[in-house]
Each structure stands twice: as C-alpha cells, then as structure tokens.
Amino acid sequence: MTYDFQNIERKWQAEWAKRETFKADYPSEKPKFYALSMFPYPSGAGLHVGHPLGYIACDIYARFKRHQGYNVLHPMGYDSFGLPAEQYAIQTGQHPAITTAANINRYREQLDRLGLSFDWSREVRTSDPAYYRWTQWVFLQLFDSWYDNAKDSAAPISDLIARFEREGNADIQAACDADTPIFSASEWKDFTKKEQQAILLKYRLTYLADAEVNWCPALGTVLANDEIVNGVSERGGHPVVRKKMTQWMMRITAYAQRLLSGLDTIDWPQPLKDSQTNWIGRSVGASVTFKVISKEESTAQIEVFTTRADTLFGVSFMTLAPEHVLVDQITTPEQKEAVATYVAATAKRSERDRMADVKTISGVFTGAYAEHPFTKAPIPIWIGDYVLAGYGTGAVMAVPCGDQRDHDFASHFNLPIPNIFEGVDTTAAAFADKANTVIANSDFLNGLNYKEATQKVIAELEKMGQGQGKVNYRLRDAVFSRQRYWGEPFPVYYDADGMPQMIAADHLPLKLPEVDKYLPTETGEPPLGNATHWAWDTTTHKVVANEKIDHQTVFPLELNTMPGWAGSSQYFNRYMDPHNNEAIYAPAAIDYWQEVDLYIGGSEHATGHLLYSRFWQKFLFDRGIVPKDEFAKKLINQGMITGTSAIAHRISGTKKYVSFGLRESYDVEKLRVDVNLVDSADEVAIDDLRNWQPEYKEAEFILEDGKFIVGREVEKMSKRWFNVVNPDQICEDYGADSLRLYEMFLGPLEQSKPWNTAGITGVHGFLKKLWKLFTPFMGQVGSPRLRSV
RNA sequence: GCUCGGGUGGUGGAAUUGGUAGACACGUUGGACUUAAAAUCCAAUGGCCAUUGUGGCCGUGCGGGUUCAAGUCCCGCUCCGAGUACCA
C-alpha cells in the first residue's frame with residue numbers, strides 16, 4: 001500500500017473541520033495554554049515556503065500541549081489594513097476592501113492546506129468594523145487617561161481635573177508636554193473651557209500636537225521613526241523630510257522606564273531585548289542651566305542635558321540645534337544674517353543628507369554668551385547641526401577635551417580646548433574614558449574620579465538651583481496620525497472651537513467612509529477629505545453629509561487615520577473573546593486566558609509592533625482592563641527561509657548562454673532564472689528555458705556533457721529573483737506533512753537558512769517508510785491508527 | 001564607530017554540564033532490481049597516508065593559553081551576518 005498523502009491529508013483535514021477538533025474550550029476546567037503566531041498582512045503575492053515556518057513550529061507546540069492535556073488557544077487572523085491594498089486602489093480604483101478580501105481568501109486556502117490546527121472560529125481582521133471598533137475604543141481610553149508619575153501608573157483624566165480644581169497643577173507629577181504652564185486652582189477655574197481642554201491635551205496619553213514629523217512626500221504621509229530605515233521609508237525606499245504638522249501623538253515616553261524594566265520579566269530573545277533597550281535609550285546624567293549674558297534684563301536660560309557633569313569646568317562653548325527655540329531670541333544683530341542663512345540651509349537639507357555626511361562640520365556663532373555656573377566666565381553660544389533638536393533639550397554644553405564631536409567642532413572653528421584631565425593630552429583627540437578619569441583644573445572637583453565628581457557637581461548645582469540629576473530617554477512620543485485611507489478612522493470630531501471631541505464608545509464603530517479617490521485632496525488634505533459624508537451629527541450620533549456642518553450640532557470629523565500598528569497592538573487579547581459586542585473582552589475570559597504563553601514571529605517587529613503592544617498592554621493593565629502588564633511570556637523569532645536563486649551565465653552582449661562549468665572561459669553576465677525549472681543536479685532543460693521567457697526563445701546554449709548547468713546563489717526569497725517556491729506545489733508533490741517535517745528539519749528555528757527543494761526527498765522518504773511499517777497492521781483490533789503528524 | 005549573533009565535511013546541520021567531532025538528511029560514488037528508466041533497497045562517503053596486519057597522522061576561521069581531556073572555557077586577532085548610528 002502506497003503512502004497516499006493526498007487522500008490522507010484531505011480526509012483528516014475535513015474530519016478536523018467537521019469535528020471542530022481545534023476549537024479552544026471556554027469555559028473550561030483544564031489548564032490553559034495560549035500559543036500564538038504573528039498574524040500576517042495578506043499581501044497579493046500569497047505565501048511562499050518561508051512564511052509558514054513560524055506557523056508550523058507554533059502549530060507543533062500547540063498540538064503537543066493539547067496532548068499534554070492543556071486547553072489550547074491557537075488562533076489566526078489578518079492584519080488587513082495597510083499600504084499595498086491602498087496603493088493598488090489608487091492605481092486601479094478598486095476598493096481596498098475587495099482586494100483585501102480576495103487576498104485573505106487566497107491565504108486561507110494556502111493555510112488550510114498546511115493542516116495547521118488553528119481555531120478559525122476566533123479569526124479577527126483588523127479592517128473589520130466589528131474589530132476596529134475596539135481599536136477605536138482603546139484610543140478613547142488613552143484620551144481619557146493621564147500618567148501619574150507619583151504612582152507610576154495611568155489614571156483617569158477625571159482624577160486630574162479634580163486635582164486641578166482643588167490644588168492647581170504645581171505639585172502634580174505627571175508625564176506632560178514640556179510647555180505646560182503652572183497654574184493655581186483658582187486660575188484653573190477661570191480658564192475658558194477651550195483653555196482647559198488645551199491644557200488637558202498636554203496631559204492625555206494620546207494628544208494633538210504640532211510636531212516635527214517625518215514626512216514622506218512620495219507616500220503622501222507621515223512615518224513613525226521605526227518606519228524609516230537609513231533615512232528613507234521602509235516601504236518603497238522614498239526620501240523622508242522633516243515637517244511640522246498637527247498630529248495625534250501617543251505618550252509612550254511616559255512608559256519608557258517600565259518598558260525597560262519589564263524586559264527583565266519576560267522570556268524574549270536577548271537580541272530583541274537589546275534592540276528595544278537601545279531604542280528606548282536610557283541615559284543617566286544631569287540637566288544644567290546656563291544663564292544667557294545680556295545687557296538687558298534678560299531671563300533667557302539654556303538648559304542642557306549631559307552625561308558628563310563632572311566635566312563642567314571643561315566647557316569652552318555651547319552648541320544649540322539650528323531648530324532651538326532660543327536661536328532667534330539670543331542672536332546678536334551683527335550675527336543675524338549669518339545665523340538666518342545657516343538655519344535656512346540646514347532646514348532644507350533632508351534628514352538623509354544630514355546623516356549621509358556626518359563628517360562635514362558646520363556651524364555659526366550667535367554672537368551671544370552664556371555664563372558658566374561656577375566660574376561665571378562668558379561662554380560663546382554657537383549653532384551646529386551636529387546637535388539634534390529631538391534629543392535631550394536640543395542644546396549641549398561643549399567639552400572639547402572630553403567629547404570627540406565637541407573636539408572636532410572646536411578644532412574646526414579654532415575654539416579653545418581647555419584640558420581638565422590629569423595626566424592626559426587632549427590636544428589631538430578627546431579623552432572619553434570615564435573609568436580612568438581624574439579631574440584637574442576644576443576648582444572643587446580636582447583629584448576626583450568620574451563618579452565622585454559627578455555627584456559633587458550635581459549637589460552644588462542643586463544648591464544654586466541651576467541643575468539636577470536627570471534620566472533622559474532617546475524614545476520619542478509616537479506619531480499616531482497617517483494621511484491614508486485604508487486605516488482605522490479616529491473617533492474624533494472638531495467642535496466650534498476647533499477642539500477635538502471624542503465620539504462616545506456606544507456609537508462606535510465609526511466606519512470608514514466611501515471615497516471616489518484614494519489620493520490626498522487637491523488642497524493637500526488626507527484621502528478622507530474626499531468623502532462627501534464625513535461629518536458628525538451630535539444629536540443623532542451618526543455620520544452625515546459634509547454640507548450639513550453648522551458647527552452647532554454637526555461637526556467635521558478627523559481626516560487622518562490610524563497607523564498600521566494600531567490594529568496589531570491588542571489583537572492577541574481580542575482572540576480571547578473575539579465576538580464580544582459589549583466589551584473589548586469579557587473580564588472572565590481574559591482572567592482565564594491571561595496572556596500569550598508562546599508567541600512566534602519575525603524579529604523585524606522589535607521596535608514597532610512588539611514595543612507598541614507592550615505599551616498598550618501596560619496601559620490597559622493600569623486601567624484594570626487586562627490582568628498582566630506584559631502580553632507575552634515567551635517569544636521566539638523564527639529565522640528567514642532564504643531562496644536559492646538559479647543563475648544562468650550569458651556571454652556579455654550576445655544571446656549565447658554558457659553552462660556553469662564553462663563560464664570562466666568567457667566574459668559572462670549573470671541572469672536569474674526560475675528555480676522551479678532546475679533539477680537537483682542544477683541542470684535546466686533547454687526547452688523549458690526557451691518556453692519560460694521570450695529572450696531565451698532564440699538563444700544559443702553552450703553545453704557541458706550535453707547539459708546546461710546553472711550556478712546557485714542564496715538570497716531573499718522574492719518574485720523578482722525568480723526563486724520563490726510555492727507551498728501549494730510542495731503539498732501537491734510531497735504532501736503537507738513532508739513540507740512541515742522538512743521545514744522543521746532544515747535547521748534551528750531561530751536561524752535563517754536556505755530553501756532547497758531537492759532536500760525534501762529525505763523526509764518524504766522517511767514518511768513513506770513509516771507508512772509502510774504501519775500499514776500491514778491497519779484495520780486490526782488495537783492496531784495503531786496513523787494520523788497526519 | 002557601538003551592541004548583539006555566528007564561523008564545524010561538497011551542502012543543511014548534530015554534538016545536554018569540558019569527555020569517541022561530523023548524528024540525521026541532501027548530494028556524490030558503487031551495487032541490487034529492471035529490456036530500460038523512475039521508484040525502491042544495500043554499501044561507501046572529513047582530509048592525507050598505508051593496506052593480504054582491520055592501522056597511522058591531521059582536522060571545528062587564525063594565533064596563543066588553561067586542563068588528564070577543548071568545537072565547548074580564557075586572552076588576542078580575523079572574517080561573515082543582524083541591529084543601531086552625530087543620543088551630548
């Protein structure tokens with residue numbers, strides 16, 4: 001009896017579906033286990049053999065835990081909002097929902113074929129209004145919250161208002177905007193409603209701000225920092241420039257320390273933890289205030305952040321970022337023109353240019369001086385683009401003897417380089433070795449080491465009110481607005497004062513409107529600006545036609561949509577109770593399932609999805625909605641399965657192709673050919689090649705031993721390299737069990753490894769032998785029953 | 001530049017705590033079966049040397065070290081990959 005994998009797999013897959021074998025029980029007395037694979041974006045290309053690697057590993061573990069007696073939750077869904085469907089819509093006019101649905105169906109067919117034990121009754125799709133209703137709901141919760149630094153927890157905004165009414169804001173420790181004014185209780189009460197709302201926005205965990213954002217002109221949208229790679233957009237590689245825009249922001253910085261500390265409590269790969277740690281970028285130092293020297297009664301002060309307060313006596317100048325707010329104010333009349341020219345020139349340079357040429361030193365003197373806190377000596381204030389507006393305070397105290405960048409700047413502009421280190425020569429290069437620092441020429445710090453000097457100088461600064469110890473983070477608040485169509489609409493309208501108002505949770509979901517064009521409007525508004533029905537009627541709580549806007553009861557709705565990571569930041573919890581229309585999830589359900597026990601997915605989400613999800617989880621934990629403040633106990637990053645491209649060699653400038661072994665006798669160029677035409681000995685049948693693409697039709701082939709042999713190169717699996725292997729074809733030829741077994745057999749899960757279809761005969765042969773071993777006994781009483789593995 | 005991984009046959013990769021390096025598989029070679037091929041089965045397969053004694057020598061990127069014993073631990077170097085990048 002032969003191993004008829006086609007029928008075996010078809011039969012059991014049908015049986016599993018009929019019996020709902022993989023449906024998670026709820027409620028249940030059994031212990032739970034939650035195994036989760038990252039849900040995919042359903043792209044038009046379908047799955048290749050690399051995609052299911054993580055799913056297969058997770059599936060095997062889920063099955064194992066079922067056999068151990070656990071009640072296993074193993075769901076799957078789709079992260080179905082996203083740019084490709086929208087761009088396809090822009091080109092063809094086809095609604096992204098239609099493309100997305102077609103792609104999902106294709107994915108589902110492919111996934112089904114692999115025999116994965118998903119509980120499909122719990123499927124979620126981020127673009128489904130019944131789902132994104134709850135994404136909008138989380139947004140409302142964030143808007144309704146502020147971060148209490150004293151309690152180190154988010155709290156309802158109503159508590160904050162009550163405190164403002166009682167005591168003003170002077171004593172409130174909160175994560176808030178830097179420009180928040182101080183006010184008393186009576187001042188608070190005297191504020192207009194609009195003023196009060198503007199102040200509250202400075203505290204809310206999601207807020208509107210005029211932010212310098214990464215604007216990508218080619219995509220017509222802003223991008224978050226993690227969506228930019230090497231100064232160009234991650235998708236498409238388009239240039240990105242800085243631009244000021246009013247955007248919804250997420251106050252993730254309030255959680256910086258907890259996002260860092262939480263890493264110690266979870267079993268995640270060290271490289272991933274490291275990249276989150278670097279991304280958050282905690283540095284311990286001090287803030288120091290320098291007074292600007294002025295003939296007038298000036299109160300201008302420059303605050304800097306430094307990790308080397310011990311080197312304070314080595315300061316010989318200060319540098320401000322060109323975008324620093326004080327630049328205009330302090331620049332002297334003589335220097336105005338030079339400064340204006342420089343600021344204009346740097347503003348024009350894109351982030352990419354600025355990064356591409358880190359080596360060029362540029363800057364300009366403002367003509368102003370600051371006063372050294374201790375020596376009272378005047379310190380010239382410069383502007384330089386090596387200082388970033390976005391980090392710290394956008395200003396540095398320059399210590400050329402202790403910091404190489406300051407040293408370079410000083411050398412370039414002939415500024416003094418005073419030495420404050422014992423026994424070190426700093427004329428040629430800065431000395432930055434903290435461990436071997438002994439301070440000299442520094443008044444009361446002489447003879448101290450790094451640690452002693454830092455403590456002492458901070459203590460002295462505190463006495464004078466000119467500084468204090470400070471922890472600074474590289475992490476920025478996340479921009480949450482996108483100028484796109486195919487995303488979650490914000491449940492927000494703008495009242496007569498132009499202030500944002502939330503649509504009550506009862507009236508969600510706020511569904512995406514229909515538009516006839518998916519591009520930004522001619523006036524530069526986001527695509528939702530094309531909708532004719534995009535106004536909110538506060539009496540009927542419904543979306544109505546824009547022409548009804550009267551700013552009395554009918555108001556304009558927000559035109560931006562949420563970014564891709566909105567929908568993926570809580571989906572893992574929604575699987576626990578996916579059809580609940582009363583709540584995001586029933587408390588009893590999340591009490592039972594708690595958290596993800598095993599999460600498998602790619603490491604490319606380290607500073608995106610996986611960081612934002614941890615942030616939302618901590619927030620929902622603070623507000624008592626989830627029982628754990630980390631959503632996934634253990635995480636594994638599966639490696640990438642790379643393709644093995646087939647390379648044909650063509651004699652340059654001709655139509656002659658030469659077999660691999662003979663290539664060195666000619667001047668050849670490499671051309672990729674379809675790997676699916678190549679056999680296990682790297683031979684390609686010439687007729688197949690001639691039929692494959694027209695340019696081979698007339699080609700001449702120089703053979704070795706009557707064969708045409710191709711070269712091999714390992715690279716990313718991609719349609720354009722013709723090295724994509726389709727899992728459907730493998731299932732057809734060898735069966736899902738062979739595919740699954742082979743993928744597990746290729747090498748360690750975490751490692752990246754090349755796919756080679758020829759190798760699959762090994763495990764396929766094993767399954768055949770196993771089958772033969774068992775079949776003679778099939779049908780006898782007590783005989784083993786073989787099922788798909 | 002910094003941080004983190006990694007380097008083992010022709011190939012993918014094994015080797016749990018320092019204890020027979022190269023499991024398993026691919027590929028290759030030879031053989032069986034067959035008119036032939038495919039499929040299947042059997043055998044060999046790190047390198048070099050020896051071979052009517054079935055044995056010897058070398059070998060885990062390179063150079064040192066610790067140890068009775070090192071792929072594994074330590075020091076230095078080198079190459080490859082990933083992340084990050086003027087972070088004060």
Checking [X] now: which residues fulfil ring-ring contact (aromatic ring centres under 6.0 Å, His included) with it, not counting sequence neighbours?
{"X": "A:Y342", "answer": "none"}
{"X": "A:F722", "answer": "A:W692"}
{"X": "A:Y734", "answer": "A:H764"}
{"X": "A:F313", "answer": "A:H372, A:F374, A:F444"}

**Message:** Under 3.5 Å for both pairing distances: what stems, at least three Watson-Crick or G-U pairs long, include RNA chain B?
**Reply:**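 Stems for RNA chain B, defined as runs of 3 or more consecutive pairs: B:1-7 with B:78-84, B:10-12 with B:24-26, B:27-32 with B:40-45, B:46-49 with B:55-58, B:61-65 with B:73-77.
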
**Request:** Sticking with atom P, work out how far B:rG46 lies from B:rU11, rounded to a whole angstrom.
**Result:**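 The answer is 13 Å between these two P atoms.
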
**Message:** Using atom P in both nucleotides, what's the gap between B:rC26 and B:rC75 to the nearest angstrom?
**Reply:** 41 Å

**Request:** Tell me which nucleotide among B:rA85, B:rG27, B:rG83 gets nearest to the side chain of A:S275.
**Result:** B:rG83

**Asked** Which of the following nucleotides, B:rU40, B:rA88, B:rC87, is nearest to the side chain of A:K768?
**Response**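 Selected nucleotide: B:rU40.
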
**Request:** Anything under 30° is parallel, anything over 60° is perpendicular, the rest tilted; go ahead and classify A:F413 against A:W382.
**Result:** tilted

**Asked** Mind checking what makes salt bridge (Lys or Arg N to Asp or Glu O under 4.0 Å) contact with A:D264, not counting sequence neighbours?
**Response**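 Salt bridge (Lys or Arg N to Asp or Glu O under 4.0 Å) list for A:D264, sorted by chain: empty.
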
**Residues forming a salt bridge (Lys or Arg N to Asp or Glu O under 4.0 Å) with A:R474, sequence neighbours excluded** =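 Partners of A:R474 under the salt bridge (Lys or Arg N to Asp or Glu O under 4.0 Å) test: none.
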
N/O-N/O pairs, protein side and nucleotides 2-7 of chain B side, under 3.5 Å:
none

**Asked** Who pairs with A:R614 by side chain to side chain donor-acceptor pair (under 3.5 Å), at least two apart in sequence or on another chain?
**Response** A:Q276, A:E630

**Prompt:** 5'-most contact on RNA chain B: A:D406 or A:G765, nearest heavy atom basis?
**Reply:**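 With A:D406 and A:G765 compared, the 5'-side residue is A:G765.
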
**Message:** Both A:K769 and A:V763 contact RNA chain B. Which one's nearest nucleotide lies toward the 5' end?
**Reply:**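 It is A:V763, whose closest nucleotide lies nearer the 5' terminus.
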
Give me the distances for all protein-to-nucleotides 13-16 of chain B N/O pairs that come in under 3.5 Å?
residue : atom : partner : partner atom : Å
B:rG13  : OP1  : A:Q751  : NE2          : 2.5

**Request:** Answer syn or anti for B:rG9, where the cut-off is 90° from 0 on the glycosidic torsion.
**Result:** syn

May I ask you to evaluate whether [X] reaches the phosphate of [N], defined as a side-chain N or O under 4.0 Å from OP1 or OP2?
{"X": "A:R405", "N": "B:rC87", "result": "yes"}
{"X": "A:R476", "N": "B:rC87", "result": "no"}
{"X": "A:T307", "N": "B:rC87", "result": "no"}

**Item:** Contacts of A:V424 that satisfy side-chain contact (heavy atoms from CB on, under 4.5 Å) - sequence neighbours left out
**Value:**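 Listed in chain order: A:F421, A:T426, A:F431.
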
**Message:** My understanding is that only residues two or more places apart in sequence, or in another chain, count here; which of them pass side-chain contact (heavy atoms from CB on, under 4.5 Å) with A:A646?
**Reply:**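 By the side-chain contact (heavy atoms from CB on, under 4.5 Å) rule, A:A646 matches A:V673, A:V675, A:V678, A:V710, A:R712.
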
**Prompt:** Are side-chain heavy atoms of A:H649 and A:K670 found at a separation under 4.5 Å?
**Reply:** yes

